[in-house]
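Okay, so here's the structure we're looking at.
Within every chain, numbering begins at 1; the chains are lettered A, B, ... in the order of the sequence lines, protein sequences first and strands thereafter. All figures in this text were calculated on a predicted structure; none of them were measured in a lab.
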Number of protein chains: 2
Amino acid sequence: MATTTAAQRREQAKRDYDAFLDRCPTRELLSRLTDKWVALVIPALADGPRRHSELAGRIAGVSQKMLTQTLRTLERDGLVTRTVTASVPVRVDYELTPLGHELFPVMIAIKNWAETHMDQVFQARAQFDARP
Amino acid sequence: MATTTAAQRREQAKRDYDAFLDRCPTRELLSRLTDKWVALVIPALADGPRRHSELAGRIAGVSQKMLTQTLRTLERDGLVTRTVTASVPVRVDYELTPLGHELFPVMIAIKNWAETHMDQVFQARAQFDARP
DNA sequence: CAGGATCCTTTCTGATACTG
DNA sequence: CAGTATCAGAAAGGATCCTG
């Protein structure tokens with residue numbers, strides 16, 4: 001009997017999709033994932049649900065517009081849930097979905113890479129800029 | 001005697017830098033790394049040196065301008081080397097530096113994630129768009 | 001082949017002002 | 001509090017033309 005595990009389906013997907021190809025829908029998904037705000041919002045939600053204002057506080061410098069816009073896209077893509085609690089004032093919580101949790105390791109990896117290799121990049125830039 | 005290993009220095013860097021903070025230089029580095037073309041160029045260079053035209057062929061749809069621009073930035077940041085062979089016509093090869101090789105796992109992870117979860121994202125979008 | 005320089009269009013992003 | 005709507009400047013991206 002033909003049973004398909006999640007792992008097998010992913011193997012299949014890996015063969016069917018290729019972001020190197022133009023036209024491939026993964027190209028569009030890739031461009032959504034490679035977003036500064038996504039790389040900050042996903043890690044910010046790692047420890048559990050957070051309110052809009054909490055996220056705005058955690059992610060310094062993000063505008064209200066970009067935060068909302070990013071959260072909406074993440075919600076549509078199934079990475080985040082949005083829960084509204086009817087009260088006065090309204091309370092809205094965002095939380096990672098299982099799919100969002102799967103993305104988390106990837107996002108935190110980029111953030112960590114930037115933080116741990118900043119000095120090396122600085123050195124490289126200095127060298128590059130100093131050459132004739 | 002005080003010796004510092006690379007691992008220790010990275011631990012230190014992790015404490016000193018925080019991309020959640022505005023003003024932190026890692027925020028700028030993060031925005032450079034979260035770039036669609038970077039996520040394609042780094043994996044395209046994983047197997048060894050590649051010429052400009054080879055990369056353009058591999059990464060379908062990239063314009064000459066964006067490819068050159070991306071490679072320049074990667075070179076400046078110490079992730080890629082650019083080697084010119086004086087011949088007619090000129091031959092230019094790009095290759096990952098050790099630092100670039102360290103970034104590779106992170107970049108391929110994003111690309112793979114997009115390819116293996118495309119279907120789930122499609123489903124999530126369909127559900128989101130179908131709701132009242 | 002590689003890539004600099006330009007022009008032009010699209011997208012992004014950050015204020016600002018206004019609701020339930 | 002958590003948005004929506006709008007506007008204008010900035011940046012990204014693509015197409016084209018030209019050079020060593």
Side chain of B/W37 - closest among D/dG14, D/dG3, C/dC1 = D/dG14
Between B/Y94 and A/D35, whichever has its closest DNA chain C nucleotide further toward 5' is B/Y94
Whole Å only: how far is the CD1 atom of B/I59 from the P atom of D/dG14?
-> 12 Å
From CZ of A/R50 across to C1' of D/dC1 the rounded distance in Å is 17 Å
Could you give the CG-to-P distance, from A/L71 to D/dC1, as a whole number of Å?
-> 16 Å
Of all the nucleotides listed (C/dG3, D/dC1, C/dC7), which has the minimum atom distance to the side chain of B/K65?
-> C/dC7
Cationic N near anionic O, under 4.0 Å, A/E54 to A/R58 = no
Atom CD of A/Q69 and atom C1' of C/dA15: how far apart are they, to the nearest Å?
-> 15 Å
Classify the nucleic acid contact of B/R51 as base, sugar-phosphate or nothing, counting any heavy atom under 4.0 Å across all strands shown.
-> sugar-phosphate
Remember a base hit wins even if backbone is also touched, and classify A/Q64 as base, sugar-phosphate or nothing at under 4.0 Å, heavy atoms.
-> base
Kindly say whether B/F20 contributes a backbone atom to a donor-acceptor pair with the side chain of B/R27 at under 3.5 angstrom?
-> yes
For B/R91 and for A/K36, locate the closest nucleotide of DNA chain C by heavy-atom distance; then report the residue assigned to the nucleotide nearer the 5' terminus.
-> B/R91
Looking only at atom types and distance, does a side-chain atom of B/Q8 sit under 3.5 Å from a main-chain N or O of B/T5, one as donor and one as acceptor?
-> yes
In whole angstroms, how far is the P atom of D/dG14 from the CZ atom of A/R27?
-> 9 Å
Any B/S53 side-chain nitrogen or oxygen under 4.0 Å from OP1 or OP2 of C/dA2 | yes
Ignoring the backbone of A/R72, work out which of D/dG3, D/dG13, C/dG3 is nearest its side chain.
-> D/dG3
B/L67 CG to C/dC1 P, straight-line distance once rounded to whole Å = 14 Å
Side-chain (B/T97) to main-chain (B/G100) donor-acceptor, under 3.5 angstrom = yes
Closest of D/dG14, D/dT4, C/dA15 to the A/T68 side chain is D/dT4
Does the A/D35 side chain pair with the main chain of A/W37, one donor and one acceptor, at a distance under 3.5 Å?
-> yes
Between C/dT13 atom C1' and A/L40 atom CG, what is the distance in whole Å?
-> 15 Å
Quick note, B/H52 side chain, CB onward, closest among D/dG3, C/dG3, D/dG13 is C/dG3
